Structures are given as structure tokens and as C-alpha cells.
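Below is one structure, written out as C-alpha cells, with a few remarks after it.
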Amino acid sequence: MRDSLLRVASLVRKEVLALMRDPRSRVILFVPPLLQSFLFGYAATFDLNHAPYAVYDEDRSAASADLLARMDGSGVFERVATIQQSSDIARLIDDRDALLVLRIGPDFERKLSAGQQADIQLIADGRNSNTAGTAVSYVTAIVSGFNADWRAAHDMPDPPVTTSVRAWYNGNLETSWNMIPGLIGTITLLQVLMLTALSVAREREDGTFDQLLVTPIRPSEIMLGKALPSTVIGLIQATIILLVAQLWFKIPFAGSFVTLYAGLIPFVIASVGIGLFVSSLVANMQQAMLFSFILLMPFILLSGLATPIANMPDVFQWMTLIDPLRYALDITRRVYLEGAGLGQLIGDIWPMLLIGAITLPIAAWMFRNRLT
Amino acid sequence: MSGNAPSSPAPEPSRHGGRVRRVRALIVKESRQIMRDPSSIALGIVMPVMLILLFGYALSLDVRNAPIALVIEQPSKMASEVAAGFRLSPYFDAQTVTSMAAAEKLMLAHEVDGIVHLRGDFARNVNDGDAIVQVLLHGTDANTARIIERYVLGAIGMASQRLRDEGIPVVGNGPVRLESRIWYNENGNSQYFLVPGLIVLIMTLTGAFLTALVMAREWERGTLEAIFVTPVRASEILLGKIVPYFGLGMVGFALCVVAAQVLFHVPLRGSFIVLTSVSMLYMLVSVGFGLFVSSVAKSQFVASQIALIASFLPAMLLSGFLFDIRSMPVALQIFTHILPARYFVTLLQTIFLAGDIWSVILPATAVLALMASLLFAATLRATRKKLA
Amino acid sequence: MTENPRPAIEGHGIGKLFKRSGGEIVTALDDVSLTVEHGGLAALVGPDGAGKTTLIRLMAGLLTADTGTLTVLGIDIAQDPQSVQDRIGYMPQKFGLYEDLSVQENLDLYADLHGVTVEERKRTYPQLMDMTALGPFAKRQAGRLSGGMKQKLGLACTLVRAPDLLLLDEPTVGVDPLSRRELWEIILHLVREQGLTVLISTSYLDEAERCARTVVMHDGKVLAKGPPDSITKIAAGRAFLASPPDGQPARQLQARLLDDPGVTDAVPQGGRVRLVKTSADADVPAAVELVAVEPRFEDGFMALLHKAADTGKSASMSLGQTAKRHNGETAVEVDNLVRKFGTFTAVDHVSFAVKTGEIFGLLGPNGAGKTTTFRMLCGLLPASDGTLRVAGVDLRKARASARQRVGYVAQKFSLYGQLSVIQNLEFFAGAYGLSGRRRKERIAWAMEQFELAELAKLPSGQLPGGYRQRLAMAAALLHEPEILFLDEPTSGADPLARREFWQRITSLAEEGVTAIVTTHFMEEAEYCDRVIILDAGQVLAQGTPAEIRAHAPESEDHEPTMEDAFIAVVEEARREHGRPGERSAA
């Protein structure tokens, strides 16, 4: 037992030294997670800011000016053109100069003043239909605001039914509140999988793995010697991203850090397990890189990061069950936004532990028994 | 074979003929390697097919059968009309509960994404003119929440429309009514932009990532050393790489276009010829980038990392393929202008969904052409028949 | 023959510096001047790191010199490398064959690149295939050829068209004697029949001896130039043979002689020891009786090298404080060992036994199954059939602690390149369960015995070749193993490093360590107590060096050598079994 611990300790020390001695690998450990969290944090958003829109106001009245002022003051839209003829609409949309064109008819104010319903038209560029849909929602909200104020100002009765919409956990429905905590798991998986997949493959390529196998070190010890430092590094990387989310993007955090880490540790273990599993299968670093990349794509795409799992066909939903990122995303989001406690997360934690419990021993077995 | 006379160089039938033969030999060699190397096939063919399946079937930003709880505290004609609206809608999977407490429990457990609450006095209040439909959304996934919000409002609107047709005064329509139309994709089908966008990812992978990897492999394995000391020119070695990977990328392109048309019925409103031409141009940029990276970083590991970080990630995140560039911080928006993928996404979305809009196509094509020539010029400069 | 106004290669004052990754500047070439005339063979000889490869790469236009002028075929290579590259043939040390292309496809590629017409191919291909004996393997993927066949294919690719000058950079490194002889036959044939000009770099001294002219390099400088005789002459009157006392292996006398201040060089040869004295009248107290012999190129070369460089102190060493072990017990026993890869049998019913304290040699051409046997013995690969016992157990099935008793030095340097020398030693000490005082002692021992102290903090990946070998051995000896496995420890090593290595092994054997060594330097079999010769996975001969030597055919001009015996044994076996040339490596 003592000998075994000693051997694992020297393996761990060796791993850490090998990583830390090389300035390049030090950079590779910490700079990409940092860069990626900023890049993703800013780029991966479905929210709109300064979306360009154009106006074709045939009325040019006080009422239409009021409505447009609301658009311009929303922060979501930015007027890029004011056009004078309907034929310009197509050009603006086609050329992608404007995401939206708002058309207000010539009798807008007259109809309003007469208590009639005034229609306005909104044309959206649907080449990215998600963006277009979001933009339409924003405009709908602005128009509702206008309507309520107009009624109040002109002593009009309220409509018989009004809708009040409220969102839990994320009052303004900001996608970054959901995306950025999601990055903790995503970027960590990306890094940990690549790193561990390369680790054994590199030793095989360099011949050091054979050298290990002729010492009294057992495969299970090699596995521990690889898994422990990788897990710690994974947690450090997760912490870097967490710090960016907290300190830079200032995403509100409803839960407890203890709970979050209680979820992250099994996640990192599962990722390390998958990485070592890949690594135990491949013959060289190039294969390790390709295979982990080929695994990462579905892991990330099916995790629910960008598109909800509930939207997927059943077959794909089943596939997500072996995706550790699926569980990690659930944990981070729920701890972050809902303040979920450990008890509520058991359903996410045990599948990840199971993934680790299956992949790690298989990897250890493969270390010695992989067919050459 | 008496070749010791240095004054008589090896006869070359014609300089041009030699060049064609050399390039052809290199292309044949590279194609054979692609065929025999499982990893090239994995990345060039298997990966595209997998991505097509994932993007086409698994990824969808459109909400279908979103679970919601419908709280109807007291049944009434009015309430059942609204409930019917939700049940008929393909967007929702509505379950009816009788108390708000029960609904909130479902929401806390995240078994439903939203709650539509009609109070006990809903029917009476409609007649009094101050009924409120309360909508609660689970905001963890903000994008989904927003989509559900849109659909909920739509469903309530439809219900009120039916009531109005029956002469009952109702809901929602204020003095100003917004009529919105989404051009090019009336139904807001997200596959219409995800599947064409996939072409960018696949061409970037085969072009930049795979090319960088195989060229770096030649440096690493020392296969170039003996090749250098032959009449072959650096430009010919590059050409021998460009042609096969260009071809492989176009195979991926063809797969995507066929899948888009046949499996996912994405309309192609522009012309096929224009689509193919701009894709070929992007493929050149992509291969050029891969070669440039490997001419600078001559190790497989470093080259593939650079290719991933500098081409694949931006193509996924910053090209406008998934996330709208116009919503990014200004600095990032400016940065996207140097990304070839940005222009290609614009071209793809336009040609597929909008048509041959030359005012979009020409400038974007010009930028890509410029990038291609710059990359090739730089690669040619950086690739010398020298070691170290 | 046309008149050649200028020599084939002419270089004056060539200098070349390299920058290491740490920013350290290394002088690869320092004021090198040389001339190679048209026609015939010229050799570039020198130990590792002498600058041979750099010089050849300069000639091929793959590098640019920092100082000096170099013209190849009358063309300034720095100005117009392409014109030179159009006309020369160049075979790099590691010929980068495309491993997933077949032999024929590799050849076609080079033929196309050199612009060889279809008609010319019809003429040259059969010649090349005949010369290299690659004909039957035309469709085989290059990656599945043995090392020797790869080298021959590389040479064939270089020769698809008759070059005006052929540059060969260590074409025979890592190639077994049979393949080496075949390669040389091809080269000599070209020189004889076609009057080709060839410049070959080598660290095999018998090869240099065959060339018309030699350039001896050391440490980036030219030490001597001239015909091989002029080098040999340096040792004139200084070469002797000494016989060991009865019953004592020659290697023990050789090790003692190397430590003798009056001796420049000593190697075991045919049961005796060949030595070169520091001067003709130097005193050699260690030797009993000296018989003067004709010097050979190697003697002169070693004498020259000793003069130029401090070749370090003796490499005799001691394992540690452990008592000597009893000899005579069986350390390793292999019985009918078989290993199959698919339908291919890499090791075919091999049996042998090694006694404690023996030096046991596994000899064989590339792909004979030596490494596969080793991997099975070390428990890295399961055997398909048969039994094997190492220190009484099968390492693959035994408890992990049984591996405590063996040490393993792989063919390729396989320690952690990023870790420093001391960190590597610390790691392997931990891996072998050494701790506390014991661990400190053993590491201090390794640093001292292998003279690593000065380089302790250097990342091991940046160590010079010879030091890597030492570090690998140090790591394998930290835990004082009873049995040491060494897979091709001297492949690619220069003569100096090889002598140093064997001196260490000799000392270890005297302390009772069993050493099992694979090698394809046949003269190294002289260091062994017993050897087996493997080919195509089968044991062809087994016995003491003297017994093996008896297989050699009678020769008029020299005493039969190990190499003669080896070639005779292998060729006879192949004739009997009708095997085609060679087999692929597993």
C-alpha cells in the first residue's frame, strides 16, 4: 500500500513537472480557457444589441415619431436608414443593411386618433430565422408599451384581456446568463478531453509508456497518476472560467459554490475518464487529436448549450445520456440561476460518476492489453 | 546511364511538360494517401456526414412540444377556448392543472418550461374588461424562453381571435397592431440556416485543419527532405497539396448540398452555379490558410491547434452562422471582418434563402478572392525548399 | 569522359551556427574546407555531432552556410540551389518514404519528379529492382518494409535517374550486416560501371576504408583529409593483439586495457583483444603478451580522434554496494516461444536460456524478431505460444513487484524529454519504490557513475546522444536489477560511444548482473558470453562467439570475423528454406 502510494505520487509529480516545465504547455493550459471564455462570452449570444433597422414612415406624425423614438431608445435597435419609397425595402433587406424594416402607413395617426386600429408592418430578414424571431419579439414588446401608454393618455379602456409575462430566474431573458455559465462545462470539457487524450498517446509515441510498463507500477496506478493531475487541472481551468463569468461578465450567482464544485468534480472526473479512454485506444498523437475532436463535436452540439435537448428527436436525446456535458450544463445553470441545492442535482451527478467508473477502469485495462 | 558529365544537365523534354508531370505525380501521391489514411477519411467524409445528421436532425432552435402547465382555476367557455388553443398548437405540450401551487411545483422541478395562468375569475373579468393572463417562463434557457413567449402570445392571440369571431370582445389588440413578416423563411425553420451554415464548418475543417495537419506531417516525418533535392519547385509542392484537399472539400460541399435539398428541403433560391463558384473560392481560402499555418508551424500538434483556434472556432462562433454578428461588441464586429468565414456565411445564407443578390455576392466574393491571393502569396513566400 | 574544369564539390571556410531552443548557439561547422573530385567514392567520417549531416545538407541546398563558399558541380549552391538540385541525387539519413504508398508508387513519384520518361523507366526499373532485390515487394506498402529494405528503396528512389553527383547521408545506420553489404554492392556497382561521383557520410569505419578518399570530421572541424591509407598510417607500429588468460573472456582484458594510460583504443576481436598504443614504444603493463599486427583504418581513426578530443575517463563502473551474485543459475529461460501478428509469425518457436551473470547477445538482421522477443520477455506483449521465465516468472502474468528485478533500456531513447536529468532519475526511483535515504544514495550513485552531474538540470530531450544513452542506462539500473534488457543499445552510436557502453556492461557483468543485448553490430558479439542468431523469427545458430565464428568460411586474406559467420549462417538458412530476401518487420 505504501509502495503503491509512493509510485502514484511520483507519477503525479512527473505529470505536473512535465506540464509546468515547458513554457508552451503552461500557456496551453491557461490561455485558451481564458481566451475562449471571453470569445464565447461575447460572441455566443442570441440577444440583440444595436440591430440595424430601417424606417419607412409615410405618416411622419407625432404618433409615429413617438413610436420610433421608443424603437431608437430601446438599445436593441439602431436606425440605419429612413426611406422614402417602398421599393427601397427590398434593397435594404436583401443587402443585409437592415435586419428589420418598420413600415408605418400614411393614416397611422388619423386612425389612432379616431380610435381605430392602426396597423404597422414589420419586415424581418429571415436568413437567420432565430435572430429574426427574436427581433420580432422585441418589436412586439415595444409596440405593446406604446399601446398601453396611448390608452392611458387618451382615456381609452383597457382591453378586456391583457397578458402579463414574467420570467423566473432570468427576468430580462438574457441569453448570456445561460450561455456563460454553460461555458464553464463546455470549455473545461474541450480542454480536459484534448489534454488527457494526448497524454497517454504522447507517452506511447515517445516510448516512455513501455518504460513505465516494465517498472513495478500497475496499470491502475498509471491511471491514477494520469487522472489525478488532469482532474486538478480541469478544476483549475473551470475556476478560471468561473472567475471570468463572475468578475467580468458579472452573471448573478444564486446558488452556492460548494454545490457547484460538488457537481464539477464528478464532471471533470467523467471527462478525464473519456479522455484517458480515447488515449488508451489510439496509437499516436494525431489519432488522439482527431478522435477527441470527433467526439467533442457531438458532445458539445448535443449538450443543450446552443439548442435545447428537448427539441431533439428521441434517438438524439438518448445519445445525450452519455454526454457528461449535458449534466454539467444542467448543474451550472441550475446552481447559477435557480440556486439549486445538492439534493436536486443528484440526478445529474450519478450519471457522470458512472461514466467515470466505466471509462477509467477500461482505460487502465487497455494500457497493458491494447493490441499492437 | 552515363551521367557523370556535369556540363550536360539532365535533359528535360520541355520545361512545361516536366512541371505538369511533377504536379500530377504529387497530386496522385496525395490522393492515394488520403484514400489509405483512415484519419483523412474520418475528417473528410465521416465527420461531414456526422455533422449533417447532427445539424439537420438534432439541432433545432425551433421549439416543438414545449412542456407548459396550463392553470385553469375554474373551467369556463373562455378558459377552455384558450386551453384548446394550446392543445392544438404543435409548439406546446400543455398539461392542465387546477392550482398555481401545482404548476409552480412542476416549474421548480423544470418539468415544464412555462406556466399560463388563468385565474378563477378569468371569465367574469373578460366580461368586465380587465382579465389578465399571467405567463411565467423558466428563464434558465433564455433563448428558448423567448421563443416560448412568442408562441404563447401567439396562441393566446389565436384564442382571442376565435372568440372575437364569435362576437365576444377580447384580448390584446391595442390601438396599434403589429403585422410582422419574416422574409426568406416565413415559418422560421432553423434548419434553413443551420444546414447551409454547416457547409462553412465542413469546408473549414477539411481545408484549414486537415491541410495544415498533413502538410505539417510532411515536415515532421522528414518526407520533404528528399523531395526538395529534385527538380520540383516549392510552388509545385503546394499545388500538389491544394488540388486533392480542394477536391475533398468539394466532396463535403456536395454532401451538404444534397442533404440540404433532399433530406431537409432547404430551398435554394439562388443559382447552383453561383453557389458552387463561391464555395470553390472559399475552399481555396481555406486550403490556403491551412498551408500557410503549416508553413509557419511545422509540427502537427501546433499546426492543428492554430488551425482550430484561428479557423474552426471563429467559423463556428464569429461568422454569423449561429450568432448574429451585429449583436456582438464593436471590437469583435470589427475583428470579424478579417475572417473569411464571415463572408462565406453571408454568401451561403443569401444564395440559399434570398437568391442571387449581386450587391451582396460581389463584394463578399471580392473579399474572399483578395484573401485567397494574399494567403497564397504569403504561403509561397514562407515555403522555401530549406530545412530548419 | 568530358573534361571537368572544376571539382564536383569545392568548399572553402564554411561555417554554420544553429540556435537551440534555449537560445544557446551551437557551432555545427567551423571553417570547413574540402574538395571532392569527379568520379569515385569519397567518405565523410566522424563521430556523432561532428557536422556530417549539416555539411551534406549544405551541399544539397537544404541549408545556407553562414560563412564561406561552397560550389557543387561548379554552381554556387547558395545562389542557385535549384540548378544543383536538378542534377544531384540526395539520400537523407532518414529517407522520408511515404509509408502508405507502395514500393512501386514511391518509385514512380520520384521518377515523375525527376522527369524520367516512360522509355527510360522501362530500362532503369528492372535494373533498380534487380539491384535492390525489391522486385517481389513492388506492391508492398513502404511502411511495412524492414529497415534495410526501406533504405534500399530510398536509394532506389534517389537513383531513378542517373545523377551527376550522389550524396548519401549515413545510408547504413540501423541496417543489419546483410542489408549493409547489399547496399554497398549497389553503390560500388554504380561507381564502377557508371563512373558515378558519390559522397557518403558514415560512422562505420570499415565503410570509410572502402572509399577512395576520406574526410575525417570532429566537432564541426576537418581533422584530416586524404586516402584511407593516410589515416591508417597514423597507427603504424601501434596496433597489437593481446590474448586474455585462459578461461577469461576477452572483454575483461579489453576493459582493463582501455583503462591503461598507455592504450589509445582496445576492442575484442576473435577471442583476443586488438589494441592501439598511445605511441609505438608506450608501456602497456596490463597486457601479458603483445603481438604486433598491421593497423587498419579504425585504428588510425581512433588514434586521430584521441589526439583531437578528450575522450573522457574510463567508463568502468560499479552497480552499487550489493554483494556479487552467484553465477550459474538460470536467469532467463525461453521455451518454444511463438508470437504471431495475424498470419505473420514474428517469433517462431524460439528457445534459449541465459545464466546469471552472462552477457547474452541476440543477433539478427532487421525484422528477425529480436525486438518482439524482447517485448515478450519484458511483459510488454503477450506470447502466442510457448513459455518464458524471467527471474523465475512470466512478467506478463506475475505480480507487478516481480518487475523490480529487471531493468529495460528501449531501442529508442524513451525517457521524459521535458524533464531534467535529475527529475527523470527521481521519477524512476519513485517508480521502483525507492524512498528516503536509499533514493538519495541511488540517485547520487547514478550521477557519479554516469558522469551526469554537470548536466543534471538540462532537459533530457536536449542531451547529446551519448548522454541520453547513459541516462537511459542509469534509470534502468537505479533499482539494482538482476537482469538488464538492452534493445539495440548501440544502434546509431558512434565508435566512441559504443566502446563506452560495452565497458559499462562488462563491469556490470562482473558484478553478477545478467545482460541481454540485441545488436546488429556483429563485432559486438565478441563482448558476449553467448549469442543466438535469429532470422525470420527462428534461431539459426547458438553458442559462444568462438563457436559462432566457426561457421565462417575460410578466408585467405583475413581471420574469419563474426560478420562473415553471421552472413554465412543467415544465407545458408535462407537457401535451405527458400526464403525471399527479407521479411517485413512486425
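Order of the sequence lines sets the chain letters (A, B, ...), proteins ahead of strands, with each chain counted from 1. All values derive from a computational prediction rather than experimental measurement.
Your options are Gln287(A), Glu78(A), Gln317(A), Glu338(A), and the one with the most heavy-atom pairs under 4.5 Å with chain B is Glu338(A). Your options are Leu317(B), Val360(B), Leu213(B), and the one with the most heavy-atom pairs under 4.5 Å with chain A is Leu317(B). When the candidates Val136(A), Leu301(A), Ile309(A) are compared by the number of heavy-atom contacts under 4.5 Å with chain B, Leu301(A) comes out ahead. Per-residue heavy-atom pair counts under 4.5 Å with chain B were compared for Leu337(A), Val315(A), Ile120(A), Val143(A), and the maximum is reached by Ile120(A).
You'll find the side chain of Thr346(B) stays beyond 4.5 Å of the side chain of Arg127(A), heavy atoms only. Under the 4.5 Å side-chain criterion, counting only non-hydrogen atoms from C-beta, Phe323(B) is in contact with Met179(A). Taking 4.5 Å as the limit, every side-chain heavy atom of Leu308(B) sits out of range of all side-chain heavy atoms of Met289(A). A 4.5 Å side-chain heavy-atom check between Val101(A) and Trp183(B) finds every atom pair outside the cut-off. Side-chain contact between Thr350(B) and Arg96(A) is present, with heavy atoms from C-beta onward closer than 4.5 Å. The shortest side-chain heavy-atom distance between Asp324(B) and Thr45(A) does not fall under the 4.5 Å cut-off. For the pair Leu59(B) and Phe316(A), the minimum side-chain heavy-atom distance is 4.5 Å or more.
In this structure, the separation between CG on Leu39(A) and CE on Met316(B) is 11.5 Å, given to the nearest 0.5 Å. Note: Thr131(A) OG1 to Arg326(B) CZ = 7.5 Å, rounded to the nearest 0.5 Å. To the nearest 0.5 angstrom, Asn189(B) atom CG is 11.5 Å from Asn130(A) atom CG. Of the inter-residue distances, the one linking Asp356(B) atom CG with Asp94(A) atom CG reads 11.5 Å to the nearest 0.5 angstrom. Between Ser129(A) atom OG and Tyr192(B) atom OH the span is 9.5 Å, to the nearest 0.5 Å. Rounded to the nearest 0.5 angstrom, Tyr42(A) OH and Leu318(B) CG are separated by 13.5 Å.
For Arg119(B), the CZ atom sits in a loose shell: 12 or fewer heavy atoms of surrounding residues, nucleotides or ligands are nearer than 6.0 Å. The 12-atom threshold is exceeded at CZ of Phe249(A), counting heavy atoms of other residues, nucleotides or ligands nearer than 6.0 Å.
Side-chain N/O atoms of Asp95(A) and Ser359(B) include a donor and acceptor closer than 3.5 Å.
Ring to ring, Phe312(B) and Phe293(A) are close: their centroids are under 6.0 angstrom apart.
Proximity to chain B involves both the backbone and the side chain of Ala90(A), based on heavy atoms less than 4.5 angstrom apart. Only the side chain of Met194(A) comes within contact range of chain B, with at least one heavy atom under 4.5 Å from a heavy atom of that chain. Residue Leu198(A) touches chain B through its side chain alone, counting heavy-atom pairs closer than 4.5 Å. Both the backbone and the side chain of Leu99(A) have a heavy atom closer than 4.5 Å to some heavy atom of chain B. In this structure, chain B has a heavy atom under 4.5 Å from the side chain of Phe108(A), while its backbone stays farther away.
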Solution key, residues 40-56 of chain B side-chain donor-acceptor pairs under 3.5 Å, sequence neighbours excluded:
residue	atom	partner	partner atom	Å
Ser40(B)	OG	Asp37(B)	OD2	3.3

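With sequence neighbours excluded, the residues that form a side-chain contact (heavy atoms from CB on, under 4.5 Å) with Val76(A) are Leu48(A), Ser74(A), Tyr138(A).
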